[in-house]
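Everything numeric here is computed off the predicted structure, so don't read it as measured data. Convention: sequence-line order gives letters A, B, ...; per-chain numbering from 1.
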Amino acid sequence: MPELAEVRYFSQRWRPGLCKRITRIHIHAGKRVFRGTQTAGLSRSLVGQLLGKIQTHGKQMMFRFGEDRWLGVHLGMTGRLSAKSAAHLPSKHDHLILYTSRHALVFEDPRLFGRIRFDRSPQPPPWWSTLPPDLFSRDFSARRLKQILQKRSRTPLKPLLLLQDFFPGIGNWMADEILWQAGLDPRLRAGSVLHPHAFRLHRTIRKVARQALATIGKNWSDPPRSWLFPHRWSDGGRCPRCRKPLIRRPVGGRTTCWCPACQKATLPRRTR
DNA sequence: CATCATGTTATAAT
DNA sequence: CATTATAACATGAT
């Protein structure tokens, strides 16, 4: 479920804990979500600390405690964050709960593809500080996009957009939405997307990301009805632009929805 | 019972 | 070596 906007939304579920002290924690140590992280001292490291800062970057979340303790959270496919009352009792898939005097900050993930990390260091840990440019940064430029399209020229657009090293936060529904709005067939090879389509793709990535954050990311409200988003899952869905039936098939191993009439499968060569 | 799932990554193949 | 394709991960919903 969680992509850029959903991750932002869930990160804000823990806001009731901001500037609050952790009184105790509950963990399912040994679960897959803690792979690569030492859980033995986690309670000692967090209890007594204040939650000082909440950040997101693409699908990654970072919670700072005190001055030098960093809790990284990735929601995987089925992870969620929520704030319950302090009386909340752990249920089956609550793999991490941070209790304050008033709340229980819950991380749940039935499918266990998510991940919790913990580091103690004056600066944020390397995995956080080496993340690629986010979709709104100056560095995520049309020039950079064109370089990516050339570097991965044989990769179809759909699986390309899912690569987090290049497009942090884009997931399955966002990729479909972007390609539909940009009028590009998801099976197109990246190398065939040249000016002006590359420039248009860049603009569309930012537009979809911005509006997703303003709706889903803010309060889980629906994106516009004019988007592909509300039509892409139901069988018999029709393109909101031309009303023709949508196609739903795997591309690059993932279920993909597109409009065969609106999304171009071949592009004209650059004119000059 | 079979199929599918809004993610990532190890491994194989090119 | 760099890029691309596929399988696997673990569980629940349909």
Side-chain angles (χ1 to χ4, degrees), chain A residues 1-11 28-37 56-61 72-81 91-96 107-117 127-128 130-132 135 147-181 186-193 205 208-209 211-213 215-217 220-223 227-237 246-258:
Chain A
M1 176 196 287
E3 306 181 19
L4 180 80
E6 293 88 349
V7 168
R8 174 68 58 78
Y9 174 81
F10 282 127
S11 77
H28 288 165
K31 285 291 186 182
R32 185 181 145 85
V33 291
F34 292 106
R35 59 194 178 280
T37 291
T56 68
H57 182 116
K59 297 176 189 174
Q60 304 284 348
M61 291 184 279
V73 179
H74 191 291
L75 296 173
M77 194 85 94
T78 52
R80 314 167 49 150
L81 299 187
S91 41
K92 185 178 176 189
H93 303 301
D94 295 352
H95 306 305
L96 176 66
F107 165 80
E108 58 183 304
D109 182 11
R111 215 167 149 189
L112 298 170
F113 290 174
R115 187 166 181 187
I116 302 282
R117 317 191 203 215
W127 68 263
W128 176 262
T130 60
L131 289 169
L135 302 180
Q147 288 169 348
I148 294 167
L149 291 168
Q150 286 316 303
K151 187 175 174 66
R152 299 302 181 102
S153 61
R154 303 275 303 156
T155 304
L157 288 177
K158 174 62 186 280
L160 179 74
L161 285 175
L162 296 178
L163 295 176
Q164 300 300 296
D165 288 346
F166 300 129
F167 307 102
I170 293 183
N172 209 23
W173 80 254
M174 277 185 81
D176 285 359
E177 186 68 45
I178 288 163
L179 293 172
W180 178 78
Q181 290 196 22
R187 299 164 299 182
L188 267 178
R189 306 277 164 169
S192 65
V193 180
I205 288 170
V208 169
Q211 184 122 28
L213 285 175
T215 53
I216 296 171
W220 208 263
S221 56
D222 292 332
W227 279 25
L228 179 66
F229 182 83
H231 311 279
R232 63 187 289 277
W233 279 129
S234 49
D235 286 335
L246 295 165
I247 290 181
R248 209 159 67 234
R249 306 215 315 244
V251 176
R254 305 294 301 279
T255 299
T256 300
C257 179
W258 75 96

Quiz item: Within 45° of the axis and under 6.0 Å from the centre of the six-membered ring of Trp173(A), does NZ or CZ of Arg232(A) qualify?
Solution: no
Below the 4.0 Å mark, does [N] have OP1 or OP2 next to a side-chain nitrogen or oxygen of [X]?
X: Lys151(A); N: dT3(C); value: yes
X: Gln164(A); N: dG7(B); value: no
X: Lys59(A); N: dT8(B); value: yes
X: His74(A); N: dT8(B); value: yes
X: His93(A); N: dA10(C); value: no

What is the separation between atom [atom1] on [X] and atom [atom2] on [N], rounded to the nearest whole Å?
X: Glu177(A); N: dT6(B); atom1: CD; atom2: P; result: 15 Å
X: Leu163(A); N: dT8(B); atom1: CG; atom2: P; result: 10 Å
X: Arg254(A); N: dT6(C); atom1: CZ; atom2: P; result: 14 Å
X: Phe113(A); N: dA5(B); atom1: CZ; atom2: P; result: 13 Å
X: Lys158(A); N: dT6(B); atom1: NZ; atom2: P; result: 8 Å
X: Glu6(A); N: dA5(B); atom1: CD; atom2: C1'; result: 14 Å
X: Arg111(A); N: dA10(C); atom1: CZ; atom2: C1'; result: 7 Å
X: Asp176(A); N: dG7(B); atom1: CG; atom2: P; result: 10 Å

Quiz item: Should we say atom CZ of Arg154(A) is surrounded by more than 12 heavy atoms from elsewhere, each under 6.0 Å from it?
Solution: no
Answer with base, sugar-phosphate or nothing: what part of the nucleic acid does [X] contact at a heavy-atom distance below 4.0 Å?
X: Thr256(A); value: nothing
X: Gly76(A); value: sugar-phosphate
X: Thr255(A); value: sugar-phosphate

Could you check which of [options] has an atom nearest any side-chain atom of [X]?
X: Lys31(A); options: dT6(B), dT11(C), dG12(C); value: dT11(C)
X: Pro156(A); options: dA10(C), dG7(B), dA5(C); value: dA5(C)
X: Arg32(A); options: dT11(C), dT8(B), dA10(C); value: dA10(C)

Quiz item: Parallel, tilted or perpendicular: which fits the ring planes of Phe10(A) and Trp220(A), with parallel below 30° and perpendicular above 60°?
Solution: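 The rings of Phe10(A) and Trp220(A) sit tilted, inter-plane angle from 30° to 60°.
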Quiz item: Just by distance, do the side chain of Gln164(A) and the backbone of Leu162(A) share a donor-acceptor pair under 3.5 Å?
Solution: yes
Quiz item: Would Arg248(A) and Asp235(A) satisfy salt bridge (Lys or Arg N to Asp or Glu O under 4.0 Å), going step by step from the backbone distance to the final call?
Solution: CA-CA 9 Å; Arg248(A) 209 159 67 234; Asp235(A) 286 335; 2.5 Å; yes
Quiz item: Ring centres of Trp180(A) and Phe229(A) under 6.0 Å apart?
Solution: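 For Trp180(A) and Phe229(A), the ring centres are not under 6.0 Å apart.
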Quiz item: Partner of dA8(C) by Watson-Crick or G-U wobble geometry, both contacts under 3.5 Å, or none?
Solution: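 Its partner is dT8(B).
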Self-check item: Assigned partner base of dT14(C), Watson-Crick or wobble definition, under 3.5 Å
Solution: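 Result: dA2(B).
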